[in-house]
Amino acid sequence: MKKIWKFGATAGLAAVLMAGCGDTATPVEEDVETPAEPPTEVVDVEFPVTMTDAVGEEVVIEEEPEAIVSMVPSNTEIVYELGAGDKMVGVSDFDNYPEEATEVEKIGGQEFNVEKIISLQPDLVLAHESGLGVGDAGLQQLRDAGLDVFVVNNAISFEEVYDSITVIAQATGTMEAAESIVSEMEVQVAEIEELASTIEEPKTVFLEVGSQPDIYTTGKGTFMDEMLTLINAENVAGDLEGWVSMDPEAIVAANPDVIITTEGAYVEDAVEQIKSRSGFAEVTAVKEEAVYNLDSDMLTRSGPRLSEGLMEMAQAVYPEVFND
């Protein structure tokens with residue numbers, strides 16, 4: 001994993017936490033020795049393993065999977081980060097990270113190719129709760145064909161992302177790697193949150209995740225809204241629920257200090273298009289040149305890069321704090 005931060009890791013976090021405890025330190029008896037606690041042992045999965053997925057299906061995985069199909073990019077990124085990418089035999093049409101995933105057989109998008117998946121003879125199919133409704137019948141066909149199908153939860157918070165990583169690790173026999181990944185993400189998020197707590201004047205932010213045919217944003221109950229809370233910023237759509245459309249007039253009226261778009265990879269001149277909208281010239285974010293395009297995948301995929309996406313968001317909203 002390659003993760004670069006502007007400030008320390010565990011030691012830096014400890015210093016920040018200590019500084020936040022008060023002005024005076026509690027004296028410690030020098031002649032009292034505190035026995036060191038033994039390190040927590042991470043016990044990897046022993047197969048067979050029985051798990052209950054996001055739709056309540058009990059899935060029994062008899063042996064450690066040697067061939068895996070992932071049906072959404074977030075599952076794929078988790079599997080690769082867990083070190084099991086060499087077992088991937090099928091991924092969705094939208095998988096683009098890591099680079100190796102682009103070379104794996106494609107199985108379709110929401111409307112996936114059931115016959116193709118069966119032909120790949122996977123030991124495990126990692127589906128996703130977000131694809132239910134459209135793909136229910138296809139998933140049942142895979143189960144009827146004798147495949148182990150596990151539906152991963154649709155995470156809407158960092159804690160649920162950690163859960164997704166853990167359950168995929170349980171299903172793939174990679175718990176030791178999961179412990180390390182989750183622990184590192186927790187430290188990174190905690191460091192960002194602690195630094196953000198020093199900000200005295202929180203900024204208002206509008207997150208644009210789509211613009212055609214309507215402008216879409218994220219309200220409460222989404223991890224992107226949680227990300228704004230973690231960096232001590234206010235979501236101007238925070239009174240709305242989920243992923244919703246918002247009128248341009250309402251955005252202008254909200255007058256956000258910062259506008260973030262995640263469409264740069266799909267819409268040419270996404271930032272300039274926002275600036276040129278009717279009425280937007282008077283919005284603080286436009287007047288202050290605080291309209292930014294950020295990596296959509298790092299902000300919208302509920303996987304191991306989400307903490308890096310949080311840092312990118314923090315640097316965009318509060319460059320004076322997070323870019324020093």
Side-chain angles (χ1 to χ4, degrees), residues 2-7 96-97 158 188-189 191-220 222-240 242-301 305-324:
K2 183 180 180 182
K3 296 184 173 67
I4 300 172
W5 300 91
K6 290 293 184 181
F7 40 93
N96 58 2
Y97 187 91
F158 272 87
Q188 292 166 348
V189 171
E191 286 191 329
I192 293 169
E193 190 174 16
E194 285 298 318
L195 191 56
S197 70
T198 66
I199 295 165
E200 296 181 356
E201 297 183 9
K203 294 181 182 179
T204 57
V205 181
F206 177 71
L207 292 171
E208 184 166 312
V209 295
S211 61
Q212 300 294 332
D214 300 313
I215 298 173
Y216 274 84
T217 187
T218 60
K220 59 186 176 183
T222 65
F223 56 76
M224 291 183 75
D225 179 67
E226 182 190 35
M227 291 168 86
L228 286 176
T229 300
L230 289 170
I231 67 169
N232 197 11
E234 180 185 344
N235 184 359
V236 299
D239 58 338
L240 304 176
W243 303 71
V244 293
S245 61
M246 191 167 178
D247 291 333
E249 294 82 1
I251 301 169
V252 172
N255 192 29
D257 298 311
V258 179
I259 295 176
I260 292 173
T261 176
T262 61
E263 286 199 297
Y266 316 103
V267 176
E268 188 175 356
D269 297 327
V271 169
E272 293 305 316
Q273 285 193 28
I274 291 172
K275 291 179 179 179
S276 63
R277 287 176 186 156
S278 176
F280 273 61
E282 297 305 311
V283 173
T284 298
V286 175
K287 289 192 292 186
E288 298 294 328
E289 295 291 330
V291 182
Y292 306 103
N293 175 66
L294 298 185
D295 189 316
S296 173
D297 296 343
M298 292 177 66
L299 293 181
T300 63
R301 288 183 184 174
R305 291 194 292 163
L306 202 58
S307 56
E308 294 180 70
L310 181 65
M311 174 56 93
E312 288 204 355
M313 180 185 288
Q315 290 172 330
V317 177
Y318 297 113
E320 68 282 3
V321 175
F322 289 93
N323 284 335
D324 288 343

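Basis for what follows: all heavy atoms, side chains included, without hydrogens, waters or symmetry-related copies. Note that the structure is a prediction, hence the values are computed from the model and not measured.
The distance from atom CG of L299 to atom CD of E308, rounded to the nearest 0.5 Å, is 11.0 Å. One finds the CD1 atom of I259 at 12.0 Å from the CD atom of E288 (value rounded to the nearest 0.5 Å). Atom OG1 of T300 sits about 6.0 Å away from atom CH2 of W243, to the nearest 0.5 Å. Within the model, atoms CG of L310 and CG of L228 stand 9.0 Å from one another, a figure rounded to the nearest 0.5 Å. Between the OH atom of Y97 and the CZ atom of R301 there is a distance of 10.5 Å, given to the nearest 0.5 Å. For the atom pair CD1 of I231 and CD of E312, the computed distance is 12.0 Å after rounding to the nearest 0.5 Å.
Side chain to side chain, T204 and D257 meet the donor-acceptor criterion of an N or O pair below 3.5 Å. Using modelled atom types, one finds no donor on one side chain facing an acceptor on the other under 3.5 Å when comparing S211 with Q273.
Nearest heavy-atom pair across M227 and G309 is CE-C, 3.7 Å. Taking all atoms of both residues into account, the shortest heavy-atom contact from N255 to T284 is OD1-N, 2.8 Å. Scanning both residues, P256 and V236, for their nearest heavy atoms gives CB-CG1, 4.0 Å. Of all heavy-atom pairs between D225 and G219, the closest is CB-O, 3.2 Å.
In this structure, the side chain of E226 engages the main chain of F158 through a donor-acceptor pair within 3.5 Å. Looking at Y318, its side chain does come within 3.5 Å of a backbone N or O of N232 through a donor-acceptor pair. Using modelled atom types, no side-chain atom of N235 and backbone atom of K220 make a donor-acceptor pair closer than 3.5 Å. A donor-acceptor distance shorter than 3.5 angstrom exists from the side chain of N293 to the backbone of G264, with no hydrogens or angles considered.
The 12-atom threshold is exceeded at CZ of F280, counting heavy atoms of other residues, nucleotides or ligands nearer than 6.0 Å.
Counting only heavy atoms from C-beta outward, the side chains of L207 and M313 approach each other to under 4.5 Å. Within the 4.5 Å cutoff, the side chain of V205 has heavy atoms near those of the I260 side chain.
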*Would V244 and T217 count as a side-chain contact (heavy atoms from CB on, under 4.5 Å) if you check the C-alpha gap in whole Å, the side-chain angles of each, and the deciding distance to 0.1 Å?*
CA-CA 6 Å; V244 293; T217 187; 4.1 Å; yes
_Using the rule given for side-chain contact (heavy atoms from CB on, under 4.5 Å), can you reason through L230 versus V189, listing the C-alpha separation, both sets of side-chain angles and the distance that settles it, and then say yes or no?_
CA-CA 8 Å; L230 289 170; V189 171; 3.9 Å; yes
_Quick one, F223 with L306, criterion side-chain contact (heavy atoms from CB on, under 4.5 Å). Give me CA distance, side-chain angles, the key distance, then yes/no._
CA-CA 9 Å; F223 56 76; L306 202 58; 3.8 Å; yes
*asked:* Working note: E282 + V252, criterion side-chain contact (heavy atoms from CB on, under 4.5 Å); need CA distance, chi angles, decisive distance, verdict.
replied: CA-CA 8 Å; E282 297 305 311; V252 172; 5.7 Å; no
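No option in E249, E208, E272 other than E208 meets the salt bridge (Lys or Arg N to Asp or Glu O under 4.0 Å) test with R277.
A search for side-chain contact (heavy atoms from CB on, under 4.5 Å) contacts involving S197 returns E194, not counting sequence neighbours.
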